Amino acid sequence: AQSVTQLGSHVSVSEGALVLLRCNYSSSVPPYLFWYVQYPNQGLQLLLKYTTGATLVKGINGFEAEFKKSETSFHLTKPSAHMSDAAEYFCAVSDSGYSTLTFGKGTMLLVSP
Amino acid sequence: SQTIHQWPATLVQPVGSPLSLECTVEGTSNPNLYWYRQAAGRGLQLLFYSIGIGQISSEVPQNLSASRPQDRQFILSSKKLLLSDSGFYLCAWSEVDSQGNEQFFGPGTRLTVL
């Protein structure tokens, strides 16, 4: 069975500071990993995904994540936070194209001026 | 391009009343379809998924049901709503054989049961 742990239900940063949102996963097979963002009262939007190949994945809005198999992690980073980055972020894992996604409980990113 | 629609956007219903939420997808054929619920502070809970017309899998026993009467239509229903059914309901789709089952989400329906 798969599982996802997102450390920290809330993360606060100042505008211009580094953003780091942590995600650890558990999977019995090589995983497919995703980060989604959700703005208030909206659906989820895909930020980036790891399937195979390069372990450093670049996504939209300047975000990137690195797949580290040895650490079973897929942390999300952005060098400089912007006020518009304030949202909830979800990490998700699947083990094939036929399985459902397993989501973490989400991390709310708060950005202060 | 593909789009996904959900309606209504918001809904306020009394306890014990019926429910019908609709989701439609355009621009793709034979998608996998999903219903999720978000309750405050509880993340996303997968309720149902469907790999084809009339094929529904339920993830959580509850008083909700789902149907897929057409290829790109997914309906979430209840005969009698409970207070605990309040939440934000999200529909999603994915392509069959997509790498890793990347899902695309609709805008959601905010349901308040009073």
Side-chain angles (χ1 to χ4, degrees), chain A residues 1-10 21 23 25 27-55 57 59-60 65 67 74 87-108, chain B residues 2-11 21 23-25 30-52 55-60 66 87-112:
Chain A
Q2 307 158 86
S3 66
V4 175
T5 302
Q6 291 184 239
L7 292 177
S9 59
H10 292 78
L21 303 182
C23 172
Y25 69 90
S27 176
S28 58
V29 299
Y32 298 97
L33 295 159
F34 305 84
W35 275 100
Y36 285 86
V37 61
Q38 185 181 33
Y39 298 99
N41 292 310
Q42 295 186 24
L44 276 70
Q45 179 184 7
L46 182 69
L47 273 178
L48 50 80
K49 62 180 179 182
Y50 169 77
T51 53
T52 58
T55 57
V57 180
I60 62 172
F67 169 57
F74 191 56
E88 190 160 22
Y89 292 79
F90 292 91
C91 182
V93 64
S94 74
D95 60 14
S96 76
Y98 300 97
S99 70
T100 57
L101 287 180
T102 299
F103 284 88
K105 292 188 182 299
T107 297
M108 185 68 72
Chain B
Q2 301 91 354
T3 56
I4 178 169
H5 304 279
Q6 286 186 245
W7 63 91
T10 59
L11 191 60
L21 303 181
C23 170
T24 59
V25 181
N30 195 31
N32 296 325
L33 296 171
Y34 309 84
W35 278 113
Y36 291 88
R37 177 170 60 200
Q38 270 187 304
R42 296 185 63 182
L44 279 85
Q45 180 185 32
L46 178 63
L47 301 175
F48 302 94
Y49 69 94
S50 171
I51 62 172
Q55 300 180 69
I56 311 292
S57 295
S58 174
E59 290 292 300
V60 181
F88 193 51
Y89 288 82
L90 289 162
C91 182
W93 72 273
S94 67
E95 291 184 345
V96 175
D97 296 335
S98 69
Q99 216 174 12
N101 198 21
E102 175 183 347
Q103 294 180 18
F104 303 91
F105 285 80
T109 295
R110 174 74 60 189
L111 172 66
T112 302

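Hydrogens, waters and symmetry mates are skipped; everything else that's a heavy atom, side chains included, is used. The chains referred to below are lettered A, B, ... by the order of the sequence lines, with proteins before strands, and numbering in each begins at 1. Keep in mind it's a predicted model, so treat the numbers as computed, not measured.
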Side-chain touch [X]/[Y], heavy atoms, less than 4.5 angstrom:
X: A/Tyr36; Y: B/Glu102; answer: yes
X: B/Leu90; Y: A/Gln38; answer: yes
X: A/Leu101; Y: B/Tyr49; answer: no

Nearest heavy atoms of A/Gln42 and B/Phe88, plus distance in Å:
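Nearest heavy atoms, A/Gln42 then B/Phe88: O-CE2, 3.3 Å.
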For B/Phe105 against A/Leu44, the heavy-atom pair lying closest together
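That closest heavy-atom pairing would be CB-O, 3.4 Å.
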If I take atom CZ from residue A/Phe90 and atom CD from residue B/Gln38, how far apart are they, to the nearest 0.5 angstrom?
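The distance works out to 4.5 Å.
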Check this for me: B/Ile51, atom CD1, are more than 12 non-hydrogen atoms of other residues, nucleotides or ligands nearer than 6.0 Å?
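Counting neighbours around CD1 of B/Ile51, 12 or fewer heavy atoms of other residues, nucleotides or ligands fall under 6.0 Å, so no.
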Answer with side chain, backbone, both or neither: which region of B/Gln45 has an atom nearer than 4.5 Å to a non-hydrogen atom of chain A?
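It is neither, since no heavy atom gets under 4.5 Å.
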